[in-house]
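What follows is a short report on a single structure.
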Amino acid sequence: MTDLKYISTRGQAPALGFEDVLLTGLARDGGLYVPETWPQFSADDIRGMKDMTYPELARRVMTPFIGSAIPQADLKALIDGAYATFDAPEVLPLKKLGGNEYLLELFHGPTLAFKDVAMQVLGRLFDYVLKKRGSRITIVGATSGDTGSAAIEACRDKDAIDIFMLHPKGRVSPVQEAQMTTVLSDNVHNIAIEGTFDDCQDRVKDLFNDQAFRDAHNLSAVNSINWARVMAQIVYYFWAAVKLGAPDKKVAFSVPTGNFGNVFAGYGALQMGLPVEKLIVGANANDILARFFASGAMEKTGVVPTLSPSMDIQVSSNFERLLFDLVGRDGAACAQVLTGFRDTGKFQVTEDQLARARDVFAAARFDDTETKGIIKLVFDECGELIDPHTAVGVGAARDYHTQSHTGDTPTIILATAHPAKFPDAVEAATGRRPALPARLADLLDRPNRCQTLANDLDQLKQAIEKQLS
Ligand SMILES: *Cc1c(COP(=O)(O)O)cnc(C)c1O
């Protein structure tokens with residue numbers, strides 16, 4: 001069998017194999033990589049997944065994407081290592097909420113949010129491929145709190161990687177700060193910048209724009225458009241669906257959505273043969289996607305802060321992967337739509353394209369008041385504390401069943417964060433303050449390490465070079 005190739009959504013960058021797609025991230029033409037064809041699983045293949053452990057299933061689903069790049073024994077060790085960092089025996093437990101509603105808990109990893117599911121694999125894949133090639137990279141990123149810790153946990157103690165993570169000093173929550181700064185591994189470098197999150201992001205952009213510095217230290221990023229993250233997320237759609245009767249029964253998924261990476265992985269599972277009745281997109285007040293699925297118009301507005309900050313986005317970067325399919329996998333057409341979007345802040349798909357999108361996706365939006373109401377309702381109904389992101393998912397699932405009168409389809413809500421990650425919102429809604437899991441109970445008392453720097457590019461470059469030498 002020949003290895004799968006990956007093509008760019010904008011049609012101009014060269015097709016690449018898995019290793020290069022992993023290390024490249026964004027395509028050279030500004031597009032995102034997608035598989036040239038989707039690997040297929042038959043109904044019998046899917047039935048055969050029912051009794052697998054999560055790491056076994058992960059290897060089964062990821063192997064056709066990786067091909068000969070990683071021998072099976074190495075891939076097994078890599079995946080086993082990634083999911084040994086999760087503290088639930090099933091890795092991703094599926095819990096019945098009531099009626100036909102289920103919660104798929106994606107938050108038992110090191111940083112208590114769903115990004116760990118993919119990032120724990122991504123860090124190991126980077127390290128594996130870099131070692132094989134005898135090279136190293138320096139990952140640089142800026143965080144307002146959430147993604148930084150997932151990246152740090154993914155890269156810690158990896159021989160071929162150094163990671164520098166910038167956060168705005170005093171402007172991330174104490175728990176988020178501790179999740180980053182208490183990782184004392186030699187290759188992890190936390191930097192608090194005296195400035196805002198935008199300052200941090202601007203300094204990171206400056207570093208990437210400094211071609212000499214970028215080449216000298218092999219700068220890289222672990223952003224949400226990396227194909228390998230989508231690949232790792234496809235697995236749990238199969239995992240949950242087979243537990244509820246797939247392929248002989250259809251299920252629906254409700255996904256609290258920001259950059260569209262998580263729910264696009266569900267779309268991938270559908271393309272690979274998993275029977276999915278609907279992918280339900282949950283949005284907060286930053287509802288660009290909900291408006292798109294209602295009208296076919298993608299239209300930028302300002303971002304407002306909400307109780308579900310990981311979904312406070314203006315433009316969903318991974319949506320480009322769906323758009324590519326909607327325009328018939330025509331890279332030039334996709335690029336043209338996105339150039340127009342960049343220039344005008346708006347694009348409109350055709351009636352037919354919208355109809356095809358709505359065949360697969362539904363969407364709903366919930367503001368903070370509604371989100372708190374859902375957290376309270378779920379607690380009153382079943383005694384379960386859920387975080388604000390998950391609450392948006394529950395709301396969207398219920399809205400879909402009300403609209404479409406299909407209450408008997410099992411619906412799996414992706415629980416993307418542990419309630420203890422957002423204790424204030426949960427307490428305000430329910431009067432109960434969720435506790436951190438036992439293994440993190442002493443987090444705020446642990447020794448930490450972090451360097452504070454002025455918002456100044458030269459000082460930042462010097463600090464990085466000193467650490468790397
Ligand atoms: C990142 C994140 C999301 C949004 O996921 P996307 O892949 O960006 O759509 C939702 N919930 C939580 C808790 C997150 O951290």
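Note that ligands are numbered from 1 as they come in the structure, with each ligand's atoms numbered from 1 the same way. Predicted model, so just to flag it, every value in this text is computed and none were measured.
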*Taking only residues two or more places apart in sequence, or in another chain, which ones meet E381 in a side-chain hydrogen bond (donor to acceptor under 3.5 Å, both in side chains)?*
R398
*Do the ring centers of H389 and F422 come within less than 6.0 Å of each other?*
yes
*Considering residues at least two apart in sequence or located in another chain, which fulfil the ring pair (Phe, Tyr, Trp, His ring centres under 6.0 Å) criterion with F107?*
H418
*Looking at residues at least two apart in the chain, or sitting in another chain, which of them share a salt bridge (charged side-chain N to carboxylate O under 4.0 Å, His left out) with D20?*
R133
*Quick one: do R156 and E153 make a salt bridge, cutoff under 4.0 Å?*
yes
For ligand 1, run through the N/O pairs with the protein that fall under 3.5 Å and put one pair on each line.
unit_1, atom_1, unit_2, atom_2, d
ligand 1, 7 (O), G261, N, 3.3
ligand 1, 7 (O), N262, N, 2.9
ligand 1, 8 (O), N259, N, 2.7
ligand 1, 9 (O), G258, N, 2.8
ligand 1, 9 (O), N259, N, 3.2
ligand 1, 9 (O), F260, N, 3.1
ligand 1, 11 (N), T416, OG1, 2.9
ligand 1, 15 (O), K115, NZ, 2.6
ligand 1, 15 (O), S310, OG, 3.3

*For the pair R439 and D87, find out whether any cationic side-chain nitrogen is under 4.0 Å from an anionic carboxylate oxygen.*
yes
